Amino acid sequence: MKNPQVASVLHEIADLLELSGENPFRIRAYRRAAMNVEAIPKDVAAMGEEELFSLPGIGKDLAHKIRQFVDTGRIDIHEELQKKIPRGLLEILRVPGIGPKTARLLFDRKNVKSLEELEALVRSGRLAGLPGIQAKTEENIRKGIGQLRKGMERFPLGKALPIARGIVDLLQEAVPRARFALAGSIRRWKDTVRDIDVLAAGKKPEAITNAFVGLPGTREVLERGATKSSILTVDGIQVDLRVVAEDSFGAALQYFTGSKEHNVRLREMASRRGLKINEYGVFREADGRRLGGREEEDVYKALGLPFVPPELREDAGEIEAAIEGKLPGLVSLADIRGDLHVHTKWSDGAHDLDAVVGAARARKYDYVAITDHSKGLGVARGLTEERVRGQIAEIDAANRKAKGFRVLKGIEVDIRGDGTLDLPDALLSELDIVVASVHSGFRQPGEQLTKRLVAAIRNPYVSVIAHPTGRLLGEREAYPVDMEAVIAEAARHGKALEINAYPLRLDLSDAWARAAKRRGIPLAVSTDAHILANLDFMQYGVSIARRGWLEPGDVLNTLPFPKLARRLQAMRGKRA
DNA sequence: GCCGTTTTCGGCCCGACTGTTTTCAGTCG
């Protein structure tokens, strides 16, 4: 898959053009092309110029350039620009508060060619005095460098969302009559977020702003205006607040939920129809008359579109689908009938079977699959054959007394370094569900990892591949496994892939989940819970499913128990 | 550089805040 490399060189060309003071629309064309290349699941290296040309935002010229990059590893204009502009300026562009104009100014006037040189200049206090740069700006640049050095952190949704909800609760308490909502990437349930966006509307905007900048846990107030303020929390997360009038709440919510790309598309559509959309409402261009904006639906309605769920707003085909009336009926938390990946005390879980069953029933589930680790995972007290049989007996007993609820006998069997499974087929055949996963040998070459997963899928008793790519957000990249091959193999054998709902995993990702759906593969949305509270991670798994365009029919654990049992049975014995 | 339900040329989304200005440029989302 060459897409990330292609996208990154296109982005770099855009940066370099910006530093050259080029036509902003030409720059935007490169950025849009880069984002489109990133978003499509198909490998651009396998596409001819014709097919590339058919992609949105990619014309004849860019199709040719992409082709050149795939074939030769270089693009002419990229080389030329690099000759003119030192690479270090790209780094300087990453400093918050420094844009292309400032970067260029620093280069032209002070010959700054790297972040180090900029830092030295700031330390010596010789920046102030340049046109448009005084003490304040110099200080902001100093801070910006610090921020960049610290790493422009993205936070896992699982960390940001609880903080965000806490902030909204505090604000609501402080100004009870105002209306608050989360917006931005958190509302779209993106797996990681850079900041927290809060929208507010009320009769006393000043009271809202005051409450906001006075929130406990504020490290610094970054910005404070009549309608827009920003703080940095002690957790290091930036929180942006926008305050609007009550009758603009819907338009503002739409606007600040984004994504930026989604909104740009909508506003382009609007202008073609003689309308203008901004955070205050929908307006008729001709006479400035306001057509709506109190509710979010007003915005879509004005364009003749159905409401688009926030999770889909990425300009990844949702606008076309909305126009054609083909938006998916997304799966929701209420559709989930059970959890198919849960641990108990038998291995490294914290609770015994009864407690897990009680917690699953409390969440109105119809079933839960007990999937403890197998013996290969010694650190997790993985189950030997003998102990699996002991657990089977315990589950049989539990099912005899449970009314209207089923406990599935399962295992999370380890896929060993050579692709064999950690327990014999004869034993696996006695279980209701077999979840297979990789817990070792992450450093193996991609080919070997792919082979292991493919071998596991081919085992007749394996039902689901758990956390298929092994990523840990902010800690570990996905292993270099060929997911397209894994998806193809799962499709061939009718096996399911997991969307692991554990907030640091969220694995499969939304993009891979969508690719799997396209191949007709069932997805299991599972929490991998080790303590009871983890069962509530299901909301994160469902959000990935929704961002992957999944409908209830695509998700294995929306099935009622009898159908699920039949489905799991049908997966067996499909040897190639 | 892309694109067309007013266009194959002439547009291309829109507004807030900061810091430096005296009316605005730069940056950001």
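No experiment lies behind these values; they were computed from the predicted model shown. The chains referred to below are lettered A, B, ... by the order of the sequence lines, with proteins before strands, and numbering in each begins at 1. As a basis for the values below, the full set of heavy atoms in this structure was taken, side chains included, without hydrogen atoms, waters or symmetry mates.
A donor-acceptor contact closer than 3.5 angstrom is absent between the side chains of A:Arg224 and A:Ser229. Inspection of the A:Arg471 and A:Thr469 side chains reveals no N or O donor paired with an N or O acceptor under 3.5 Å.
Considering only side-chain atoms of A:Lys276, the nucleotide from B:dG19, B:dC14, B:dT27 that sits closest is B:dC14. Side-chain atoms of A:Thr227 lie closest to B:dC17 of the nucleotides B:dG29, B:dC17, B:dG15. When distances are taken from the side chain of A:Lys260 to each of B:dG1, B:dG29, B:dG15, the shortest belongs to B:dG29. Listed nucleotides B:dA16, B:dC12, B:dG29 differ in distance to A:Phe25; the shortest reach to its side chain belongs to B:dC12. Nearest nucleotide to the side chain of A:Lys136, out of B:dG19, B:dG29, B:dT27: B:dG19. Among the nucleotides B:dG19, B:dC12, B:dT20, the one closest to any side-chain atom of A:Glu268 is B:dC12. Listed candidates were B:dT27, B:dG1, B:dG15. Nearest to the side chain of A:Pro100 is B:dT27. Among B:dT27, B:dC12, B:dC28, the nucleotide with an atom closest to any side-chain atom of A:Pro96 is B:dC28.
Under a 4.0 Å N-O distance rule, the pair A:Lys517/A:Glu551 qualifies as a salt bridge.
Here the separation of B:dT22 from B:dC14, taken at their C1' atoms, is 25 Å to the nearest Å. Remark: the separation of the C1' atoms in B:dT7 and B:dC12 is 13 Å, to the nearest Å. The gap from the C1' atom of B:dG10 to that of B:dT6 amounts to 13 Å, rounded to the nearest Å.
Counting non-hydrogen atoms of neighbouring residues, nucleotides and ligands closer than 6.0 angstrom, the CD atom of A:Glu173 reaches no more than 12 such neighbours.
For B:dG1, its base sits under 3.5 Å from the side chain of A:Asn23 at one donor and acceptor pair at least.
Contact between the side-chain N/O atoms of A:Arg194 and the OP1/OP2 oxygens of B:dG29 is found at a separation under 4.0 Å.
Distance CZ (A:Phe256) to P (B:dC28): 17 Å, rounded to an integer number of Å. Rounded to whole Å, atom P of B:dG29 lies 8 Å from atom NZ of A:Lys228.
The residue A:Ala270 sits apart from the nucleic acid: no heavy atom pair falls under 4.0 Å.
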